[in-house]
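Accompanying notes for the structure given below.
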2 protein chains.
Amino acid sequence: MDASIFAIQPTSAEPIYRQIVEQLRRLIAGGQLASGELLPSVRDVAGFHAINPMTVSRAYGIAETEGLLERLRGKGMAVAAMHRGTQSQAHRLALLEAQLADVARHAQELELPAELVLRRLSKIMGGS
Amino acid sequence: MDASIFAIQPTSAEPIYRQIVEQLRRLIAGGQLASGELLPSVRDVAGFHAINPMTVSRAYGIAETEGLLERLRGKGMAVAAMHRGTQSQAHRLALLEAQLADVARHAQELELPAELVLRRLSKIMGGS
DNA sequence: CCATGTGTATTAATACAACAATACACATGC
DNA sequence: GCATGTGTATTGTTGTATTAATACACATGG
């Protein structure tokens with residue numbers, strides 16, 4: 001697997017290691033990273049994105065603690081076998097729940113009608 | 001105005017002073033805080049939410065720099081006169097744009113169909 | 001065996017957030 | 001005038017988060 005699977009934004013307020021962990025969570029849950037698949041090495045990812053290897057290692061370590069990844073000694077990190085294939089839609093939707101709740105709260109503070117927000121989001125998602 | 005207008009989450013990763021600034025932005029843009037309205041004093045807010053007065057003062061100071069608030073010497077802080085009434089829907093929707101883009105990106109990584117996400121968000125917003 | 005590839009423990013540097021304790025400038029109202 | 005109410009500047013301390021630099025242990029493959 002190529003080091004380019006991750007979309008790192010070094011300028012973002014969100015810490016790099018957390019960006020990686022969260023993308024791993026979603027890519028695995030969505031099935032874009034298949035079970036058993038070998039991930040790019042920490043040095044590959046670090047070199048490609050010009051970040052420190054330890055930052056990547058930290059992300060991989062957290063993902064392993066969460067049970068997302070498995071460590072293959074001498075080989076590297078792979079998607080855990082437990083996570084065979086794609087999770088259920090309900091399970092994946094749950095990963096968006098908190099973010100959707102935030103959107104709803106902010107929309108209410110902005111006194112924006114729900115229909116308007118939904119139309120806008122629909123347009124953004126459709127165009128991707 | 002009561003000190004309870006702010007919904008502070010001390011455990012959140014987002015800094016308290018920034019929570020306050022962002023809520024001010026939205027509440028003013030949405031018209032829930034009317035122009036000229038007097039805000040709760042820093043000591044009131046700090047006491048009510050059990051946080052440090054200087055943290056509130058910092059938030060008010062930033063909001064003043066942004067032109068959201070006006071300082072009334074000896075009285076306190078008030079919503080700036082410039083912000084008379086509610087902003088246009090387009091202007092308010094723009095404040096949600098970045099967050100909606102994030103939702104779209106995450107949904108794609110999760111391989112969730114747009115309709116499912118929209119239905120879920122609609123339910124959350126409707127129930128509020 | 002040994003070069004090369006894994007991941008990572010350790011230490012340090014830097015920055016940030018929040019709190020605490022003062023003290024100050026200003027306006028209001030008795 | 002003076003007590004009381006604003007916001008704020010200042011200084012210091014504490015705890016934490018993030019990233020970086022270095023060195024190490026281990027497995028693989030010839």
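Every chain is numbered from 1, with letters handed out A, B, ... down the list of sequences.
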Ser41(B), nearest nucleotide to its side chain (from dT6(D), dC26(C), dA20(C)): dT6(D)
Value in whole Å for how far the P atom of dA17(D) lies from CG of Asn52(A): 19 Å
Contact under 4.0 Å: Tyr17(B) side-chain N or O vs dA18(C) OP1/OP2: no
Beyond-backbone contact of Leu96(B) with Arg120(A), side-chain heavy atoms, under 4.5 angstrom: no
Glu109(A) and Arg105(A) ion-paired at < 4.0 Å: yes
Side chain proximity check, Ile62(B) to Ile20(B), heavy atoms < 4.5 angstrom: no
Of the listed nucleotides dA18(C), dT18(D), dG7(D), the one nearest the side chain of Ile16(B): dA18(C)
Quiz item: Arg43(B) side-chain donor-acceptor pair to dG5(D) base, under 3.5 Å: no
Position toward the 5' end of DNA chain D (nearest nucleotide), Met54(B) or Asp44(B): Asp44(B)
N/O (side chain, Arg58(A)) to phosphate O (OP1/OP2, dG7(C)) under 4.0 Å: no
Short side-chain N/O contact from Arg71(B) to OP1 or OP2 of dT8(D), under 4.0 Å: yes
Nearest-Å distance for atom pair CE/P, residues Met77(B) and dC26(C): 17 Å
Selection from dA20(D), dT18(D), dC19(C) that lies nearest to any side-chain heavy atom of Thr55(B): dC19(C)
Interatomic distance where CG belongs to Leu39(A) and P belongs to dG5(C) [whole Å]: 19 Å
Atom-to-atom span, NZ of Lys75(A) to C1' of dT4(C) - whole angstrom: 15 Å
Proximity to the side chain of Ile51(A) - top-ranked nucleotide from dA21(C), dA20(D), dG7(C): dA20(D)
Closest to side chain of Arg18(A), choosing from dT6(C), dT8(C), dT18(D): dT18(D)
His49(B) and Val56(B), any side-chain heavy atoms less than 4.5 Å apart: no
Over all atoms of both residues, closest heavy-atom pair of Ala29(B) and Leu95(B): CB-CD1, 4.1 Å
Nearest-angstrom distance from the residue atom CD of Gln9(A) to P of dT19(D): 13 Å
Under 4.0 angstrom between Ser57(A) side-chain N/O and dT8(C) OP1 or OP2: yes
Separation of atom CG in Leu72(A) from atom P in dG7(C), rounded to whole Å: 10 Å
For atom CD of Glu70(B) and atom C1' of dC26(C), their distance in whole Å: 17 Å
For atom CD1 of Ile8(B) and atom C1' of dC19(C), their distance in whole Å: 16 Å
